[in-house]
Protein chains: 2
Amino acid sequence: MMQAVSRQTLQRLPDYLNCIKSLQEKGILTVSAKTVAEILGLGEIQVRKDLASVSTGGKPKIGYVTTELIKDLEIYLGYHDSRDAVLVGAGKLGRALLSYGGFKEYGLNIVAAFDTKGEEIENDSTYSKIMSIDCLADLCRRLKIRIGIITVPSAYAQEVCDMLVQNGVLAIWNFAPTHLHVPANILVKNENMAASLAVLSQHLSKKLLEEH
Amino acid sequence: MMQAVSRQTLQRLPDYLNCIKSLQEKGILTVSAKTVAEILGLGEIQVRKDLASVSTGGKPKIGYVTTELIKDLEIYLGYHDSRDAVLVGAGKLGRALLSYGGFKEYGLNIVAAFDTKGEEIENDSTYSKIMSIDCLADLCRRLKIRIGIITVPSAYAQEVCDMLVQNGVLAIWNFAPTHLHVPANILVKNENMAASLAVLSQHLSKKLLEEH
DNA sequence: TAGATTGTTAATCGATTAACAATC
DNA sequence: TAGATTGTTAATCGATTAACAATC
């Protein structure tokens with residue numbers, strides 16, 4: 001038990017957590033892999049294996065104690081020890097992510113935002129300052145920032161990426177629709193909206209063909 | 001040749017297109033799978049197989065004619081015949097997507113946005129109207145909308161989803177961090193930011209452990 | 001005890017990679 | 001012609017699914 005977690009499994013864990021939390025809110029005290037599988041439309045065995053990889057609390061006949069499983073998932077996902085991040089590119093998307101606020105729940109804390117020209121902007125609850133990109137190097141080093149979020153136009157993404165990596169960032173969340181080159185030990189996670197659209201579009205093409 | 005395209009392949013196609021377009025802008029007239037593979041950091045054989053699945057233009061020793069390959073990719077991805085979509089939920093994220101504008105390039109045209117209370121908002125270039133959710137059913141049917149984008153809070157996502165499906169929507173792009181239940185012939189593509197964060201966070205945990 | 005549910009080991013499936021013949 | 005690059009067929013790899021023993 002407690003084997004290595006594949007990337008696929010890892011990406012399903014937040015869904016499990018979500019699902020189990022909502023069961024808890026309904027007052028349900030124990031939960032089985034079968035229940036979760038049915039709610040999420042996944043295979044029962046897959047869920048069982050995934051859960052076994054992050055928790056040892058499973059009891060035959062009973063399942064998992066809801067509160068414990070939630071705790072195990074949150075710990076595994078690092079939702080407790082929050083991580084500081086910076087965001088570069090305060091355009092529409094960048095500002096939307098900044099003001100979203102929901103990332104804190106996932107252990108992500110955006111401590112600063114940068115753009116070519118610094119300025120003050122208003123958020124929902126707080127005023128935050130968008131700093132000039134000239135301050136990036138210093139701030140990343142001083143606060144030991146390890147996560148960078150890139151929301152600049154494609155043409156500038158590589159440049160920004162290099163700057164982040166040079167100043168200690170180890171993981172990059174890239175919203176620019178472009179491929180970034182990084183050293184081997186740096187992770188780039190692309191939020192690839194064009195890829196998502198491709199999936200939607202192909203499904204639609206198939207369905208519309210079927211209509212005839 | 002021209003075999004069925006797997007979902008993995010499909011999701012790589014926009015990256016290929018992007019890459020090849022930027023080569024074209026540099027004045028490069030033909031391109032080989034090897035070149036694309038090196039730029040994107042993928043396997044050469046994988047790229048070759050992927051490209052073969054959407055284009056028959058490959059010539060030994062030469063590769064693909066850049067302009068033709070771009071055309072084949074764009075046609076396959078449906079970037080030419082633009083598809084109308086509606087967006088539901090005009091919060092920060094919803095407005096960011098509305099004003100992004102870049103989706104048109106990918107053949108997606110957001111023709112209307114809905115929220116519980118209708119209102120006028122200002123965009124970059126145009127004023128667009130956010131309509132009351134009461135108008136959704138009528139508009140979707142009248143314009144034969146087939147794509148719905150959900151950017152409402154989790155608690156309302158299923159309700160909105162049901163409404164869209166009831167009014168003819170066949171594909172849903174879901175930004176709410178929740179699992180949606182739909183009939184078998186409807187596709188839901190989740191833009192799962194929590195899953196992305198899980199990947200970033202785990203990488204970071206590993207790296208930070210290594211530092212000791 | 002009986003039965004539901006767990007965790008694990010083996011089988012299947014699909015995607016990636018390797019090998020290679022075809023060809024411009 | 002020679003060599004680079006294609007497309008295809010076979011081998012490998014990893015994830016999912018099936019089967020089943022263990023156990024509360």
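Throughout, protein chains are lettered first and strands after them, A, B, ... in sequence-line order, and every chain is numbered starting at 1.
Using a 4.0 Å heavy-atom distance criterion, Arg12(B) is classed as a sugar-phosphate-only contact. Nucleic acid contact for Lys61(B): base, since at least one base atom lies under 4.0 Å from a heavy atom of the residue.
Checking Ser32(B) against Ser6(A), the closest nucleotide of DNA chain D that is more toward the 5' end is the one next to Ser32(B). The residue among Arg48(A) and Gln8(A) whose nearest nucleotide of DNA chain D is located toward the 5' end is Gln8(A).
Atom CZ of Arg7(B) and atom C1' of dT16(C) are 18 Å apart (whole Å). For the pair Asp50(B) CG and dA15(C) C1', the computed distance is 10 Å after rounding to whole Å. Per the geometry, CG belonging to Leu10(B) stands 16 Å off C1' belonging to dG14(C), to the nearest Å. Distance NZ (Lys34(B)) to C1' (dA4(D)): 9 Å, rounded to an integer number of Å. Computed from coordinates, the Ile62(B) CD1 to dA2(D) P distance equals 19 Å when rounded to whole Å. At whole-Å resolution of the value, CD in Glu44(A) and C1' in dT17(D) are 11 Å apart. In this structure, Lys59(B) places its NZ atom 15 Å from P of dT5(D), rounding to the nearest Å. Between Leu69(B) atom CG and dT5(D) atom P the separation is 15 Å, expressed in whole Å.
Between the side chain of Arg95(B) and the main chain of Ala90(B), a donor-acceptor pair closer than 3.5 Å is present. The main-chain N or O of His181(A) is found under 3.5 Å from a side-chain atom of Gln158(A) such that the two form a donor-acceptor pair.
Minimum atom distance to the side chain of Gln46(A) is reached by dT16(D), of the listed dT23(D), dT16(D), dT16(C). In this structure, the nucleotide among dA19(C), dA18(D), dG7(C) sitting nearest to the side chain of Ala52(A) is dG7(C). Closest contact between the side chain of Ile45(A) and the listed nucleotides dT17(D), dA4(C), dA4(D) involves dT17(D).
dT23(C) is paired with dA4(D) under the Watson-Crick or G-U wobble criterion, all donor-acceptor distances under 3.5 Å. Pairing for dT16(C) goes to dA11(D), judged as Watson-Crick or G-U wobble with the two contacts each under 3.5 Å.
Remark: Glu74(B) engages Lys21(B) in a salt bridge, criterion side-chain N to carboxylate O under 4.0 Å.
Donor-acceptor pairing under 3.5 Å, judged by distance alone, is absent between the side chain of Lys49(A) and the base of dT8(C).
Here the rule is side chain to side chain contact (heavy atoms under 4.5 Å, CB included) with Tyr64(B), and of Thr30(B), Leu51(B), Ile20(B) only Leu51(B) fits it.
Checking the phosphate oxygens (OP1, OP2) of dC24(D), no side-chain nitrogen or oxygen of Tyr64(A) falls inside 4.0 Å.
The neighbour count for Lys189(B) NZ, taken as heavy atoms of other residues, nucleotides or ligands under 6.0 Å away, is above 12.
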